[in-house]
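One structure below.
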Amino acid sequence: MEPAVRRARAHDLDAAARTLAAAFAEYPWTRFVIPETDYAARLLELQSLYLGYAHRHGVVGVTPDRAGVIAVVPPTAPDPDAQTVERIVALHGERISRIEAPEPSGRAWRLETLGVAPELQGRGLASALLRFALDAVGDLGGAEIALTTSDPRNVRLYERHGFTVEEHVERPERPPIWSMRAALSG
């Protein structure tokens, strides 16, 4: 049976941010761009900021228990306000210069985040969340979704859902980055 996914409401965002913080606690990219000092608190606040932005300007999907979360943002979304950017910079501290992931170009929606509580990973929640987001973007007239990931397991997951690798960059000083894109039918 397909796990249920629904559009998040404002009262879901705190629990969803906690899920994302747990899901990304050991993720190579977040470990690289967030300082070790107060790492868990910084990661949680960043997830809250990003989810709030995505909720205002895009689509956030959650499982009913908020153990799985996905956020997509359209290419027309405005830049975050100055206060939010200032806080994001402060939370990244001296590691802010490490953020260099390419921004999707053109008409692609951005898959900003996808996370599942660690104890529930491998049970189909990520696939259900992806199907929800692909459908939502298609229903809103989107033609494609782009993303970046730093985990080869994620590459395989995304490929199963129609994403293809556009670029793969490996440098010894940082985690690898795969840039991927999926065209939506319709």
Side-chain angles (χ1 to χ4, degrees), residues 2-5 8 16-34 39-40 42-44 46-51 53-54 58-63 65-75 88 92 95 98-105 108-138 142-185:
E2 175 80 9
V5 179
R18 287 191 298 275
T19 292
L20 289 172
F24 285 92
E26 299 305 322
Y27 187 65
W29 189 256
T30 54
R31 283 284 175 190
F32 180 68
V33 298
I34 300 172
Y39 174 80
R42 289 174 191 251
L43 176 58
L44 178 59
L46 284 163
Q47 294 296 350
S48 293
L49 289 168
Y50 296 144
L51 268 184
Y53 172 81
V59 176
V60 176
V62 293
T63 57
D65 57 2
R66 274 89 77 220
V69 183
I70 192 164
V72 291
V73 177
I88 289 169
H92 284 287
R95 294 187 179 189
R98 294 179 176 187
I99 298 176
E100 57 180 273
E103 285 292 319
S105 60
W109 281 60
R110 294 185 317 269
L111 194 161
E112 294 291 332
T113 192
L114 167 60
V116 173
E119 68 275 12
L120 297 175
Q121 291 175 1
R123 297 184 186 182
L125 292 177
S127 288
L129 289 157
L130 270 170
R131 282 189 287 278
F132 167 85
L134 291 166
D135 289 346
V137 169
E144 56 188 354
I145 299 178
L147 63 89
T148 59
T149 186
S150 292
D151 188 329
R153 294 172 303 166
N154 293 345
V155 172
R156 291 188 297 276
L157 168 71
Y158 293 128
E159 285 175 334
R160 287 194 307 270
H161 291 276
F163 286 83
T164 57
V165 174
E166 290 191 316
E167 184 178 22
H168 175 210
V169 179
E170 297 238 12
R171 293 190 194 141
E173 72 277 7
R174 65 160 175 74
I177 297 175
W178 286 268
S179 297
M180 303 182 75
R181 187 175 299 260
L184 304 179
S185 57

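Note that the structure is a prediction, hence the values are computed from the model and not measured.
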Quick check: closest heavy atoms across [X] and [Y], and the distance to 0.1 Å?
X      : Y      : result
Val116 : Ala23  : O-CB, 3.3 Å
Ala25  : Arg31  : O-NE, 3.0 Å
Val59  : Ala136 : CG1-CB, 4.1 Å

Does a side-chain heavy-atom distance below 4.5 Å link [X] with [Y]?
X      : Y      : answer
Tyr50  : Glu112 : no
Trp29  : Thr149 : no
Thr30  : Tyr39  : yes
Ile34  : Arg95  : no
Leu111 : Val137 : no
Tyr27  : Asn154 : yes
Leu147 : Tyr158 : yes

Would you check if the side chain of [X] reaches a backbone N or O of [Y] as a donor-acceptor pair within less than 3.5 Å?
X      : Y      : value
Thr148 : Ile177 : no
Arg181 : Ala146 : no
Glu170 : Pro176 : no
Thr19  : Arg66  : yes

- Distance, nearest 0.5 Å, that separates CG of Leu114 from CG of Leu130: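 Here the rounded value is 5.0 Å.
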
- Message: I need the His92 NE2 to Arg42 CZ distance, nearest 0.5 Å.
- Response: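 Going from the NE2 atom of His92 to the CZ atom of Arg42 covers 9.5 Å.
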
- Message: Tell me whether Arg174 forms a cation-pi arrangement with Phe32, defined as NZ or CZ under 6.0 Å from the six-membered ring centre and within 45 degrees of its axis.
- Response: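 Not flagged: Arg174 not positioned over aromatic ring of Phe32.
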
- Of Val62, Thr63, Ile70, which is the lone residue that meets side-chain contact (heavy atoms from CB on, under 4.5 Å) with Phe132? Ile70

